Amino acid sequence: GRIHMGHVRVYAIGDLLARYKWMRGFNVLHPMGWDAFGLPAENAAIEHNVHPAIWTYANIDNMKAQLRKMGISYDWDRELATCDPAYYRWEQLVFLRMLERGLAYRRRSTVNWCPGCRTVLANEQVEGGRCWRCDSEVTPREIEGWFFKITAYADELLEWCDKLPGWPERVLTMQKNWIGRSEGAEFDLPVAGRPDLTMRVFTTRPDTVFGMTYAVLAPEHPLVDRMVTDPAERARVTAFRAEVARESEIERLAADRPKRGVRLSAKIVNPFNDAELPLFIADYVLMGYGTGAIMAVPGEDQRDWDFAKQHGLPIIETVARPAGWTGEAYAGDGVKVNSGFLNGLSTPDAKRKAIDWLVERGLGISKVNYRLRDWGISRQRYWGAPIPVLHCERCGIVPEREENLPVILPRDVQLSGTGGSPLADAPGFVNAPCPTCGGRARRETDTMDTFVESSWYFLRYCSPHYEHGMFEGAAADYWMPVDQYIGGIEHAVLHLLYARFYTKVLRDLGMTKVSEPFTALLSQGMVIKDGAKMSKSKGNVVDPDDLIRTYGADTARLFSLFAAPPAKDLDWNDHGVEGASRFLNRVWRFVIGHGDELRRGARSAVPTTDASRAFRRTIHETIKRVTDDIETDFGFNTAISAVMELVNALHAFETASLDAVPAPERAALLREGVETVLLLLAPFSPHVTEELWSQLGHDVSVFKQRWPDADPVALRRAEVTVVVQVDGRVRGRLVVDVDAPEPRVRELALADDKVRSWVSGRAVERVVVIPNRLVNIVTRG
RNA sequence: GCGAGAGUGGCGAAACUGGCAGACGCACUGGAUUUAGGAUCCAGCGGGCGAAAGCCCUUGGGGGUUCAACUCCCCCCUCUCGCACCA
């Protein structure tokens, strides 16, 4: 509803880059829009009895006003809001296309159910296993819902992780791990005495099959019901299932807690050696991964080891342990032992041979599995884009006709936070004729996950008012992919993976040529105050409006860029803001105070004194530093400190040059220094610099100037200071010619009085010379 | 728990590819200016010892590699983000 310092920070970064690229001559598209659907609006509606649309648009007005005060250079002509039917109609269309191609499908899945409110809860609405509103115990419930088949793109998403050099490595690593590709085998375990049943398992370690001492089914596995016939056993299973259902997936997978399980009366057979083995259901096996069933090899898997120890099951080692091994399960590679026809092979060879053995007998296949699951997009909520399908009594699920899009979200719906999907209570919306047979049908009442809207908005920005499709091909071809995306690290897997997936789907629908939406990604850190994330409940918020009122937008922006590098968390400190303000005032006073002299100064001057040359070198070193900092690693904080140093040098030169430098030369150099400061500072603090630029007599905006280039002549240096170490400790310094030959530097270092006093009485064993930098004299004795 | 990061003065931080640890800024101290306060300017400012020159110690903790380690390797601690219906 209100912008906070986190927004100030991320938008200051974006605006800095936009203005910088603009000054470098690029055509920059710098848009802003509102990801407006979602749970918060619905909660506000319930709490304050205001319609989500009214609440949302009021917030948009607020935030827009605040952003304008910050002076961010957005192209407001491209503004969009995702809750606008003119926006979401296109994702409804894409939904239909995905439905045709089987990329959108319906299946059952488990949700959080509050029996008190009789509604589905988001994870965020579950606190300690209870409903945040009514405190009822939340139970799992199976419901039908819509899914996007992101798993069909798992391999491509993974491959592209290695082709995105502009992304932070840590984000790519998280995505790779999230996709979690693993190669292995899938095969059947016969159930003893039940020729009608087999249990299919997936393993990444087919080489360890001879170490199988038991097998496990996920408690929810449908096979369990077919195996368990005895009423007493059935009761035990039911009780265990209820227990497991109360645990979160995180708890079930936690490696440091006892693994719970129930032994079934049925037994399975290891096809490799016909051994009859016990079968369990256990919490650490999930229905959602692999086949929901595993062969357990405690010798080589720590989870299985823990379970085996707790249940007194045998452990067989099938890989020779490395010398000195003291651990429990050994997951590494090695030579196979206790493994029948695999004995003596290496782990990779044994994997291949075991798979061949299965394939030859028709018992199993080589299989790749992913940790990634399909994307559940159904929400039993009001404030979202309607899913454009109908349920017909006769025809079943029928897509809405394209010409009937958009399916508009109705306005008059009562929101209570209880009961089923709010749209189900809007008869005008729900009841509609079947697009196929014209008979009675009910509209889908689930809405789409808001991550769907945020998966393509960047494409819409290319042609935000286009009415014949999601976006105009030519415009998207011109602008896409996004050259610089900026967002929080919290988006590392979900949003950023969904947007990548959705872009690939649009490509395969022939709508765009790009395979990846974002060429470069900057993940910025959070804004922290007093050791905690800024939040109302902690009472540590800084309101950007107050800050802008007191110090102006330029100061707020400058400080948020100066206080920390963008990828790091920023620790907010009111005193620091004071410093940024002081710096801008210092620049202001200098320009105003020297206005006449600066305006008189010539455009360039050849420095004739040492002081002039040194000052001009500082100017051009600063240009180089600031440019490199922005270009190579988003080093905005060090870029600002370089400009601060230049301003310090400007003051020093102003004083030192009074009598020492001819007046025209001094005026020209001061002007070059001041104009450089303004140009370099312009993307950081646009208002002050623009004003001062015009005060200097320019009538064209500072942002229409070329970004300065460092003059190589000014950068040239004759001498450097070289540090001299004795045994790794600094004992002196030498001023030598740049690129002085090594033997000469070595000789000078050894001849230095201070160095000699440290070396005397010891033998020089070695002298390390790092050109233009350092000499280290290593002694013995 | 799993996956991914981070940890440097009183504080925010800097340090190219392994090469002077602490740039720049804040806070603080002293001085100048001022009726006073504010603002501004000058100087000092990691810790210990010292009058000073200087010496020793110091980058979460412990080990290692190297002429040289904030940086590379191993073990440990703490904090942050994500974990699929918050977005």
Side-chain angles (χ1 to χ4, degrees), chain A residues 35 37-40 43 109 111-112 120-126 145 150 168-178 180 248-257 288 371-381 449-451 453-454 487-495 497-498 523 525-526 528 531 533 559 562-565 567-580 582-583 585-586 589 628 632 635 637-645 647-648 651 655 721-733 754 765-768 770 773-779:
Chain A
D35 188 14
F37 275 140
L39 201 53
N43 290 331
S109 68
V111 295
N112 304 312
V120 178
L121 297 181
N123 287 340
E124 189 178 70
Q125 298 172 308
V126 181
I150 190 171
E169 199 54 50
R170 64 168 160 155
V171 173
L172 295 172
T173 306
M174 279 191 261
Q175 292 216 347
K176 287 182 197 171
N177 292 339
W178 185 260
S248 72
E249 199 172 298
I250 291 174
E251 289 167 335
R252 283 178 67 170
L253 293 173
D256 64 339
R257 64 197 280 283
R371 208 187 72 96
L372 181 69
R373 305 200 287 255
D374 278 340
W375 173 12
I377 60 143
S378 276
R379 298 291 181 272
Q380 296 67 43
R381 284 187 237 297
D449 180 6
T450 57
F451 272 127
E453 285 91 61
S454 58
I489 187 68
E490 69 274 18
H491 294 299
V493 279
L494 294 180
H495 162 60
L497 198 62
Y498 292 149
S523 289
M526 291 186 306
I528 305 283
K533 185 173 176 169
F559 176 70
F562 177 63
K568 257 186 109 160
D569 285 349
L570 184 160
D571 200 335
W572 192 269
N573 172 326
D574 295 334
H575 293 303
V577 181
E578 199 78 49
R582 201 177 297 166
F583 168 68
N585 277 316
R586 196 163 135 88
R589 282 197 312 273
D628 288 352
T632 59
N637 55 333
T638 48
I640 293 167
S641 71
V643 179
M644 287 173 167
E645 286 180 63
V647 172
N648 292 342
H651 277 89
T655 311
T721 303
V722 166
V723 167
V724 184
Q725 297 183 331
V726 177
D727 294 320
R729 332 209 58 152
V730 180
R731 299 301 185 192
R733 273 154 224 285
K754 269 217 71 194
E765 193 169 71
R766 184 176 166 190
V767 179
V768 180
I770 308 297
R773 209 173 281 247
L774 167 143
V775 178
N776 189 12
I777 298 160
V778 185
T779 69

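No experiment lies behind these values; they were computed from the predicted model shown. Just so you know, these numbers use all the heavy atoms, side chains as well, and skip hydrogens, waters and symmetry mates.
As judged by a 4.0 angstrom heavy-atom cut-off over every strand, A:Leu39 is placed among residues touching the sugar-phosphate backbone only. Here A:Ile777 lies out of heavy-atom contact (under 4.0 Å) with every strand. Counting any heavy atom pair closer than 4.0 Å across all strands shown, A:Val778 reaches sugar-phosphate atoms only and no base atom. Heavy atoms of A:Val493 sit under 4.0 angstrom from primed sugar atoms or phosphate atoms, though from no base atom. Within 4.0 Å of A:Ala563, counting heavy atoms only, lie sugar-phosphate atoms of the nucleic acid but no base atom. If you check every strand for non-hydrogen atoms under 4.0 Å, A:Gly376 touches sugar and phosphate atoms only. Here A:Phe583 lies out of heavy-atom contact (under 4.0 Å) with every strand. Within the nucleic acid shown, A:Gly728 has no heavy atom closer than 4.0 Å to any nucleic acid atom. Nucleic acid contact class of A:Asn585 (heavy atoms, under 4.0 Å, all strands): none. Within 4.0 Å (heavy atoms only), A:His575 reaches sugar-phosphate atoms of the nucleic acid but no base atom. Contact annotation for A:Val120: base contact, defined as any heavy-atom pair under 4.0 Å involving a base atom. Heavy atoms of A:Lys754 sit under 4.0 angstrom from primed sugar atoms or phosphate atoms, though from no base atom. Counting any heavy atom pair closer than 4.0 Å across all strands shown, A:Ser454 reaches no nucleic acid atom. Among the heavy atoms of the strands lying under 4.0 Å from A:Arg586 are primed sugar atoms or P, OP1, OP2 only; no base atom is included.
Taking atom CD on A:Glu578 and atom P on B:U40, their separation rounds to 8 Å, with Å as the unit. Computed from coordinates, the A:Leu774 CG to B:C67 P distance equals 15 Å when rounded to whole Å. Distance NE2 (A:His491) to P (B:C81): 14 Å, rounded to an integer number of Å. Between the C1' atom of B:A84 and the CZ atom of A:Arg371 lies a distance of 8 Å, rounded to the nearest Å. Per the geometry, CD belonging to A:Gln175 stands 14 Å off C1' belonging to B:C83, to the nearest Å. Taking atom CG of residue A:Asp727 and atom P of nucleotide B:A69, one finds them 12 Å apart after rounding to whole Å. With rounding to whole Å, A:Met526 atom CE is found 7 Å from B:C81 atom C1'. Rounded to a whole Å, the CD1 atom of A:Ile640 is 18 Å from the P atom of B:A23.
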In B/S/- notation, 5' to 3', how is nucleotides 3-8 of chain B contacted by protein heavy atoms closer than 4.0 Å?
-> BSS---
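Contact between the side-chain N/O atoms of A:Arg729 and the OP1/OP2 oxygens of B:C20 is not found at any separation under 4.0 Å. Listed pair A:Arg766 / B:A68 fails the phosphate criterion, with no side-chain N or O lying under 4.0 Å from OP1 or OP2. An OP1 or OP2 oxygen of B:A87 is reached within less than 4.0 angstrom by a side-chain nitrogen or oxygen of A:Thr450. Distances shown here put a side-chain N or O of A:Arg582 below 4.0 Å from the OP1 or OP2 atom of B:A27.
Using the Watson-Crick or G-U wobble rule with both distances under 3.5 Å, B:C81 pairs with B:G3. Nucleotide B:U59: unpaired (no Watson-Crick or G-U wobble partner with both distances less than 3.5 Å).
Position along RNA chain B of the nearest nucleotide to A:Pro40 versus A:Arg733 favours A:Arg733 as the more 5'-ward residue. Residue-to-nucleotide proximity on RNA chain B shows that, of A:Leu121 and A:Leu570, the 5′-proximal contact is made by A:Leu570.
Below the 3.5 angstrom threshold, one finds no donor paired with an acceptor across the side chain of A:Asn123 and the base of B:C85. For A:Gln380 and B:C85, a side-chain-to-base donor-acceptor distance below 3.5 Å is present, hydrogens and geometry of angles not being considered.
A donor-acceptor pair is defined here as one N or O able to donate and one able to accept, closer than 3.5 Å; such a pair exists between the side chain of A:Asp374 and the backbone of A:Ile150.
Across B:G12 and B:U17, the matching C1' atoms stand 27 Å from one another, rounded to whole Å.
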